[in-house]
Amino acid sequence: MTTITATKTNPVLEFMRLIDSGQFTESLKLFSPDAMIATPLFNDGVPMNFEEFREFVHEYERNASPEERAGNHEVDRVFEIEGASIIEGFIKAPGISRYYMTSARYNSEGLITKYGFLIWAVEDPETIKILRG
């Protein structure tokens, strides 16, 4: 388990750090204006362009419960290839444990151009051990 610290080399880790610290608007600066965001969790799984994602983030910022805002990303694994990143770990919040995986591409300026996010609810401690293993 790794605590997320600021990083200039991986914009996705920086994005998660900003979200965890409640800096939602600031986190959007890490995305390219032509970025595409795809996840089954947002917009019924239909990919969003950056403007749609920006609106989604602002809506979340306005309406998220204190419990939802209390979540922190714990990083277990980071795989980086030129201009691409896959990150796995857990989102921890009071009474909640969720496994997540992000997949992202970023350009030479370090802006995220494609972002995907998957999440699974995990209740069983044995499942957590397997996922972390």
Side-chain angles (χ1 to χ4, degrees):
M1 170 178 63
T2 302
T3 301
I4 300 174
T5 56
T7 176
K8 294 290 185 191
T9 58
N10 189 316
V12 182
L13 286 173
E14 179 66 2
F15 172 69
M16 289 191 297
R17 186 190 71 75
L18 289 168
I19 292 292
D20 287 351
S21 64
Q23 298 178 63
F24 295 94
T25 299
E26 185 69 22
S27 73
L28 294 170
K29 295 177 182 176
L30 297 169
F31 286 82
S32 169
D34 63 351
M36 292 300 296
I37 296 85
T39 177
L41 303 173
F42 307 153
N43 202 29
D44 294 325
V46 176
M48 292 184 277
N49 62 34
F50 177 72
E51 288 303 315
E52 292 166 322
F53 182 64
R54 183 174 57 81
E55 194 54 42
F56 175 85
V57 170
H58 287 305
E59 184 72 21
Y60 181 83
E61 185 176 26
R62 285 188 295 272
N63 297 316
S65 70
E67 293 81 17
E68 291 170 321
R69 290 173 149 258
N72 286 306
H73 293 82
E74 293 180 354
V75 176
D76 278 344
R77 294 181 184 101
V78 177
F79 305 96
E80 288 194 72
I81 309 167
E82 270 183 48
S85 180
I86 296 173
I87 301 170
E88 298 177 20
F90 286 85
I91 298 173
K92 294 288 190 169
I96 297 171
S97 181
R98 295 189 179 122
Y99 179 76
Y100 73 88
M101 182 191 318
T102 66
S103 171
R105 289 202 149 294
Y106 43 93
N107 61 24
S108 60
E109 290 86 39
L111 296 175
I112 299 168
T113 58
K114 293 183 180 174
Y115 181 73
F117 186 81
L118 298 172
I119 190 168
W120 297 268
V122 181
E123 303 297 330
D124 176 35
E126 288 304 311
T127 304
I128 292 171
K129 287 179 189 175
I130 291 168
L131 290 169
R132 282 218 150 114

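In this chain, residues are counted from 1 in sequence order.
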Is the shortest side-chain N to carboxylate O distance from Glu74 to Arg17 below 4.0 Å? no
With distance as the sole test, does Asp20 use its side chain to make a donor-acceptor pair with the main-chain N or O of His73 at under 3.5 Å?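 Present.
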Using modelled atom types only, decide if a donor and an acceptor are shared between the side chain of Thr113 and the backbone of Arg105 within a distance under 3.5 Å.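 Such a contact is found between Thr113 side chain and Arg105 backbone.
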For residues Glu59 and Asn63, is any side-chain donor paired with an opposing acceptor at under 3.5 Å?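 Looking only at side-chain atoms, Asn63 and Glu59 do form a donor-acceptor pair, the distance falling under 3.5 Å.
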For residues [X] and [Y]: do they belong to one hydrophobic cluster (side chain heavy atoms under 4.5 Å, members Ile, Leu, Val, Met, Phe, Trp, Tyr)?
{"X": "Val57", "Y": "Leu30", "result": "yes"}
{"X": "Leu18", "Y": "Phe117", "result": "yes"}
{"X": "Ile91", "Y": "Val12", "result": "yes"}

Where is the tightest heavy-atom contact between [X] and [Y], given as atom of each residue plus distance?
{"X": "His58", "Y": "Leu28", "answer": "NE2-CD1, 3.8 Å"}
{"X": "Tyr106", "Y": "Ser85", "answer": "CE2-CB, 3.9 Å"}
{"X": "Pro40", "Y": "Leu118", "answer": "CD-CD2, 3.5 Å"}
{"X": "Ala104", "Y": "Ile112", "answer": "CB-CG2, 4.4 Å"}
{"X": "Pro33", "Y": "Phe50", "answer": "O-CB, 3.5 Å"}
{"X": "Ala35", "Y": "Phe31", "answer": "CB-CD2, 4.1 Å"}

How many angstroms lie between atom [atom1] of [X] and atom [atom2] of [Y], to the nearest 0.5 angstrom?
{"X": "Glu14", "Y": "Lys29", "atom1": "CD", "atom2": "NZ", "result": "11.5 Å"}
{"X": "Lys114", "Y": "Ser32", "atom1": "NZ", "atom2": "OG", "result": "11.5 Å"}
{"X": "Ser65", "Y": "Tyr60", "atom1": "OG", "atom2": "OH", "result": "6.5 Å"}
{"X": "Lys92", "Y": "Asn72", "atom1": "NZ", "atom2": "CG", "result": "11.0 Å"}

What pairs meet the salt bridge (Lys or Arg N to Asp or Glu O under 4.0 Å) rule with one or both residues in residues 33-54, with sequence neighbours excluded?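 Applying salt bridge (Lys or Arg N to Asp or Glu O under 4.0 Å) to every pair that reaches into residues 33-54, excluding sequence neighbours, yields Glu51-Arg54.
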Side chain to side chain contact (heavy atoms under 4.5 Å, CB included) between Phe53 and Met36, intermediate numbers included: CA-CA 8 Å; Phe53 182 64; Met36 292 300 296; over 6 Å; no
Going by heavy atoms in the side chains, are [X] and [Y] under 4.5 Å from each other?
{"X": "Met101", "Y": "Ile87", "value": "no"}
{"X": "Thr102", "Y": "Thr39", "value": "no"}
{"X": "Val78", "Y": "Ile86", "value": "no"}
{"X": "Val75", "Y": "Met16", "value": "yes"}

Report the C-alpha separation of Glu55 and Arg62 in whole Å, then their side-chain angles, then the decisive distance to 0.1 Å, and conclude whether the salt bridge (Lys or Arg N to Asp or Glu O under 4.0 Å) test is met. CA-CA 11 Å; Glu55 194 54 42; Arg62 285 188 295 272; 3.4 Å; yes
For Phe90 and Tyr100: C-alpha separation, side-chain torsions, deciding distance, then whether ring-ring contact (aromatic ring centres under 6.0 Å, His included) applies. CA-CA 6 Å; Phe90 286 85; Tyr100 73 88; 7.9 Å; no
